[in-house]
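Structure first, commentary second.
Given the structure is predicted, the values throughout are model-derived calculations rather than measurements. Sequence positions, counted from 1, serve as the residue numbers for this chain.
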Amino acid sequence: MSTTHPGQTRPQLHKTIEQMIDSGFLGVTMRLHDEHGEWTAGVGVSELGGAEKPPVDGHVRIGSNTKTFTATLVLQLVAEGRIGLDDPVVDHLPGFGLDERITVRMLLQHTSGIFNFTGDYDPDGTFVPGTPATTSGKEWAEGRFTAYRPEELVRLALSKPARFEPGTGWSYSNTNYVLARLLIEKVTGRPVAEEMQRLILGPLGLSGTIQPTSQTDIPEPHARAYYRYQDAGEQKTVDVTRHDPSWISSGGDMISTTRDLHTFISALLGGRLLPAELLAEMCTPHPTGIPNMDYGLGVFVLTTDGGATVITHNGGIAGHAALMYSTPDGSRTLTAALNYVDDAELSMGAAFQQAAQRLVADVFDAGQAGPAASTT
């Protein structure tokens, strides 16, 4: 394990990271920015069977952290007067037969009621599959280089019954953010990657961040990602570091680094990307039904056990995952990259959530005051 500033021992964070490895993650790298400066650490391995640690400044598929970038981009277009937050989406995307009550705000807030194209749950708890995703086992593993068009994913979702009437509930749906991508492209006339570069990546100098389409590679350096599945009764584990992320599209296709994620979330919450009134809209919590965790526009608004407010989004995708946490003013951030063996049962899901809760307690609750502070 390495740290940028040896004087900052952070014993509780070290312990939590080691516990993440003990719980089954292959590798974890972490970056903390606070009043004491920057602290980084890396533990575990970069690949199965290897001894090399994951690169502290490595690239990682960031999964649903993509949603925060996409929501920010939509809100920047609102600031430019291109679209209105409460515009009916159908006015801009008339070709899908969308419910005319669904607004741009509802897409970003997950209150549209639209079915999640990667699979969703009926009210009785029955899982309804969608397009082949990492919950699909062999089907996803063997088809992971298949290219999907965003329109295909939306049409699949809209072929399923809505979860609820628009604006009357909350349900996390990747479809909302694929529609947001199509909305960006429709109102600007340019690919989402170009708009992302113009308004976010370029101005912030995020040279390690990529908005792919069907690009299968991930830049060096990076830790490797794996997927385990059953095939004719035999368990197989394959390297899925390379795959075509168009199956998830703007629900979670971006690549970044812990450094870039810190720069992005601190700039966003520090007021460098959005006017104050739109940033306030973004961070206004809407009830989700999840204890102590509500949703704004592309961000979760978390209340810690110690009563602190944390703005966050995390994401996991096919053996890679990223964490992104910040105080509401962007002054203290925690970002992390993880690599692991994924599977259809999402076996690492519980460990992922537990690790995230421990990290939040370590960094954002009262007690993390000094360079060598320890919490219990």
Side-chain angles (χ1 to χ4, degrees), residues 61-74 89 93 96 98-99 102-122 127-136 139-140 143-144 146-164 166 169-185 192-193 196 211-214 240 243-256 286 288 290 293 295-300 312-322 324 342 344 346 349 352:
R61 296 188 188 276
I62 64 172
S64 286
N65 287 283
T66 301
K67 294 181 174 70
T68 309
F69 283 85
T70 302
T72 302
L73 191 50
V74 170
V89 181
L93 297 173
F96 294 106
L98 288 166
D99 189 312
I102 296 173
T103 64
V104 175
R105 182 190 302 273
M106 290 177 191
L107 295 184
L108 302 185
Q109 196 178 58
H110 293 300
T111 54
S112 71
I114 297 173
F115 180 88
N116 180 9
F117 68 83
T118 52
D120 217 330
Y121 290 89
D122 280 340
F127 182 72
V128 181
T131 193
T134 49
T135 50
S136 305
E139 185 180 10
W140 180 81
R144 65 186 181 275
T146 302
Y148 294 89
R149 296 176 63 246
E151 293 84 357
E152 289 179 68
L153 305 176
V154 170
R155 292 191 191 285
L156 169 68
L158 294 176
S159 73
K160 309 286 187 180
R163 306 288 90 184
F164 47 79
W170 186 88
S171 182
Y172 191 88
S173 174
N174 290 305
T175 313
N176 290 318
Y177 277 78
V178 179
L179 281 163
R181 171 194 185 141
L182 292 172
L183 181 67
I184 291 164
E185 295 184 335
V192 67
M196 193 71 72
Q211 170 84 67
T213 49
S214 289
V240 295
H243 72 261
D244 186 328
S246 63
W247 66 273
I248 188 68
S249 188
S250 291
D253 61 0
M254 289 181 72
I255 294 164
S256 192
H286 180 89
T288 63
I290 305 170
M293 185 175 283
Y295 204 84
L297 305 178
V299 293
F300 281 98
T312 178
H313 218 304
N314 296 330
I317 173 175
H320 269 174
M324 182 172 66
D342 202 358
L346 305 177
F352 185 83

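Taking 4.0 Å as the cut-off between side-chain N and carboxylate O, D122 and R163 count as a salt-bridged pair.
Atom NE2 of H110 is separated from atom CG of L297 by 10.0 Å, given to the nearest 0.5 angstrom. Once rounded to the nearest 0.5 Å, the distance linking CZ of F69 with OG of S250 reads 12.0 Å. Separating the CD1 atom in I248 from the CG atom in D253 is a distance of 8.0 Å, to the nearest 0.5 Å. Remark: F300 CZ to I290 CD1 distance equals 5.0 Å, nearest 0.5 Å.
Annotation for Q211 and M254: closest pair OE1-SD, 3.6 Å, computed over non-hydrogen atoms. Between L153 and S246, the shortest heavy-atom distance links the atoms CD1-O, 3.5 Å. Of all the heavy atoms in W140 and A318, the pair that sits closest is CH2-CB, 3.6 Å. Nearest heavy-atom pair across L93 and L179 is CD1-O, 3.7 Å. Across all non-hydrogen atoms, the minimal contact from G130 to L156 is C-CD2, 3.8 Å.
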Start with the C-alpha gap between N174 and K67, add the side-chain angles, then the distance that decides, and say whether side-chain hydrogen bond (donor to acceptor under 3.5 Å, both in side chains) holds.
CA-CA 9 Å; N174 290 305; K67 294 181 174 70; 2.7 Å; yes
Quick one: do T66 and Y177 satisfy side chain to side chain contact (heavy atoms under 4.5 Å, CB included)? Show the steps, please.
CA-CA 9 Å; T66 301; Y177 277 78; over 6 Å; no
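Just one of T103, I102, I114 meets the side-chain contact (heavy atoms from CB on, under 4.5 Å) condition when paired with P166; it is I102.
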